[in-house]
Amino acid sequence: MQENKPEDFKRELGLLDGTMLVVGSMIGSGIFIVSADIARQVGSAGWLTLIWLISGLITVIAAVSYGELSAMFPKAGGQYVYLKEAYNKLIAFLYGWSFFAVIQTGTIAAVGVAFAKFAAYLYEPFSDENILFSIGFFDLNAAQLVSIVTIVILTYINSRGVKNSKILQTVLTIIKILSLLGLIVFGLTLGAKASVWDANWADGWSTRAFDADTKSWFPIGGTALLTGISAAMVGSLFSSDAWNGVTFIAGEIKNPKRNVGFSLFLGTFIVTIIYVLTNLMYLAVIPFDEIATAKSDRVAVVASQYIFGNIGTLIIAIMIMISTFACNNGLIMAGARVYYTMAKDGLFFKKAAVLNESSVPAWALWAQCVWASALCLTGKYGDLLDFVIIIVLIFYILTIYGIFILRKKMPDAERPYKAFGYPFLPALYIVVASAICICLLLTKFSTCGWGVLIMLTGIPVYYLTKPKE
């Protein structure tokens with residue numbers, strides 16, 4: 001049997017497809033939910049807006065920095081390849097290991113469960129309260145089953161070739177962008193009240209936190225404020241994550257030296273604008289206390305009820321189902337390309353390196369599907385998100401520092417695109433992201449510590465499984 005080469009990938013994706021993959025993978029359910037938690041942590045309109053703005057800006061900085069790497073190594077595998085070139089196979093393996101164990105699969109599971117949660121608005125039996133059967137301490141609920149079914153369907157679509165998944169991604173993402181923009185416009189025209197906006201900004205920069213037990217606010221400053229900001233940023237950064245998915249499928253993008261970097265910038269910029277505008281709409285429509293205390297943190301549902309009345313809940317449920325479905329399609333498509341590239345290097349199951357007759361790594365897709373489905377059953381996706389973000393940030397920091405290493409290591413390499421604002425902006429990202437990581441380890445060690453531990457368990461696995469040279 002002839003070994004499939006990476007070139008066997010078909011270059012069928014253009015700039016629009018790349019940008020839609022970035023946008024579609026970034027916008028999941030976060031923007032509809034996490035503003036409630038951010039509001040509780042920092043306690044004012046100004047800080048809520050600022051947290052989203054900072055998260056957006058550092059995401060755009062990271063994306064434009066990645067442009068240099070994507071132009072230097074325009075092949076499948078993205079971030080894994082950059083880490084291997086800048087450091088060594090061990091660091092690249094630790095990324096791939098964490099990516100398969102938690103980052104990509106944990107995110108797919110969480111997004112799948114978010115889809116099911118909102119599907120229950122349309123059809124009550126899909127609810128996570130509908131227990132289908134119990135064995136000992138394990139309960140299987142309908143929401144878990146729905147999320148697994150969506151993951152299996154999307155994996156099947158992706159296994160039939162990149163063309164189908166690209167069309168699905170582009171169409172759903174355009175619907176998603178238009179519906180979010182529609183919500184913003186209707187919110188600012190129909191639902192906005194000057195009295196609500198003025199009241200929310202009256203003490204727009206006061207820093208306080210919400211006590212869930214007493215249902216009251218208390219002022220915070222110093223260390224408590226720092227803790228609040230870092231806890232708040234978990235949600236906004238997670239909502240802004242998965243933008244690097246387009247680098248994993250560089251082997252299928254036309255003119256990747258230009259289009260990968262450009263789609264990274266366009267995608268992250270579009271999402272940042274949408275996220276900030278959505279939060280300004282929330283502040284124009286909903287009293288701040290109601291943002292912080294929204295039932296199940298579903299801020300968008302509260303906003304939609306203010307704007308559209310009772311049918312608002314239904315509108316948001318459909319929007320979030322489209323949003324999470326497109327998000328998971330992008331995550332599933334991109335993730336398998338990393339395992340494919342690892343397998344080519346002898347660092348993952350050999351079968352993951354085989355492309356099927358549709359020129360896609362089907363075995364890698366199904367392996368990802370099985371593990372993501374298993375994570376759906378744990379019911380621990382809330383914790384998963386918490387410790388995903390620390391690993392994600394650690395590898396973003398290492399990858400962006402890799403730009404500095406490669407400038408020294410390969411000074412004469414062709415760089416069709418250079419990191420914007422180098423060395424200042426990449427260095428700024430490293431400083432800010434490192435500060436967030438340290439705050440997270442200090443304030444959320446119980447969950448973030450597990451994330452770091454999962455990553456480090458990859459070290460013995462690497463030495464036990466790496467091929468003898």
Side-chain angles (χ1 to χ4, degrees), residues 30-59 187 191-240 272 275-303 306 382-383 385-387 389-390 393 428 431-449:
I31 185 60
F32 303 98
I33 299 168
V34 300
S35 291
D37 186 57
I38 296 172
R40 289 194 294 275
Q41 303 284 358
V42 290
S44 61
W47 280 96
L48 171 68
T49 311
L50 189 64
I51 294 278
W52 281 103
L53 201 54
I54 292 169
S55 299
L57 287 175
I58 65 173
T59 300
K193 289 190 177 71
S195 56
V196 172
W197 177 263
D198 293 343
N200 284 343
W201 286 95
D203 52 355
W205 295 99
S206 63
T207 51
R208 52 196 186 139
F210 188 75
D211 187 325
D213 298 326
T214 61
K215 300 274 187 287
S216 61
W217 295 95
F218 58 92
I220 53 169
T223 316
L225 175 60
L226 212 57
T227 304
I229 291 170
S230 57
M233 287 194 78
V234 170
S236 55
L237 283 171
F238 197 85
S239 304
S240 305
T272 299
Y275 280 2
V276 172
L277 286 175
T278 303
N279 279 281
L280 290 174
M281 182 273 290
Y282 290 157
L283 290 166
V285 172
I286 316 170
F288 194 82
D289 280 18
E290 285 185 45
I291 295 176
T293 56
K295 189 185 174 194
S296 302
D297 285 358
R298 294 191 278 251
V299 187
V301 170
V302 178
Y306 270 109
D383 289 346
L385 296 200
D386 239 3
F387 59 64
I389 202 67
I390 187 123
L393 283 173
L428 178 68
V431 171
V432 174
S434 301
I436 295 167
C437 282
I438 292 163
C439 285
L440 285 174
L441 280 172
L442 294 174
T443 58
K444 291 195 163 196
F445 189 75
S446 56
T447 44
C448 290

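In summary, the side chains of Ser35 and Trp52 do present a donor paired with an acceptor at a separation below 3.5 Å, with no hydrogens or angles considered.
The salt bridge (Lys or Arg N to Asp or Glu O under 4.0 Å) contacts involving residues 278-298 comprise Arg40-Asp297, where partners must be two or more places apart or lie in separate chains. The salt bridge (Lys or Arg N to Asp or Glu O under 4.0 Å) analysis of residues 276-285, with sequence neighbours excluded, yields no pairs.
Residue Leu50 holds its CG atom at 10.0 Å from OG of Ser236, rounded to the nearest 0.5 Å. Note that CG of Asn279 is 11.0 Å distant from CD1 of Ile51, once rounded to the nearest 0.5 Å. Note that the CG atom of Leu53 and the CG atom of Leu48 stand 11.0 Å from one another [nearest 0.5 Å]. One finds the CD1 atom of Ile38 at 11.0 Å from the CD1 atom of Ile291 (value rounded to the nearest 0.5 Å).
Residue Ala303 comes nearest to Met281 through the heavy atom pair CB-SD, 4.3 Å, listed as atom of the first residue, atom of the second, then distance. Here the closest heavy-atom approach between residue Pro287 and residue Tyr306 is recorded as CD-OH, 3.7 Å. Contact between Leu441 and Phe445 at its shortest, heavy atoms only, is O-CB, 3.3 Å. Between Trp47 and Ser206 the shortest heavy-atom distance is CD1-O, 4.0 Å.
When each of Leu440, Val432, Val42, Ile54 is paired with Met233, the side chain to side chain contact (heavy atoms under 4.5 Å, CB included) condition holds for Ile54 and for no other. Partner Val234 forms a side chain to side chain contact (heavy atoms under 4.5 Å, CB included) with one of Asp37, Ile390, Leu393, Ile389 and no other, that one being Ile389. When Leu277, Val299, Val302 are each tested for a side chain to side chain contact (heavy atoms under 4.5 Å, CB included) with Tyr282, only one passes: Val299.
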When the side chains of residues 222-230 are checked against the rest of the protein, which donor-acceptor pairs come out under 3.5 Å, sequence neighbours left out?
residue, atom, partner, partner atom, Å
Thr227, OG1, Thr223, O, 2.8
Ser230, OG, Leu226, O, 3.2
Ser230, OG, Thr227, O, 3.0

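For the pair Gln41 and Phe210, the minimum side-chain heavy-atom distance is 4.5 Å or more. At a threshold of 4.5 Å between non-hydrogen side-chain atoms, the residues Ile31 and Ser239 do not count as touching. With contacts defined as side-chain heavy-atom distances shorter than 4.5 Å, the pair Leu280/Thr49 qualifies. The side-chain heavy atoms of Ile58 and Ile436, taken from C-beta on, include a pair separated by under 4.5 Å.
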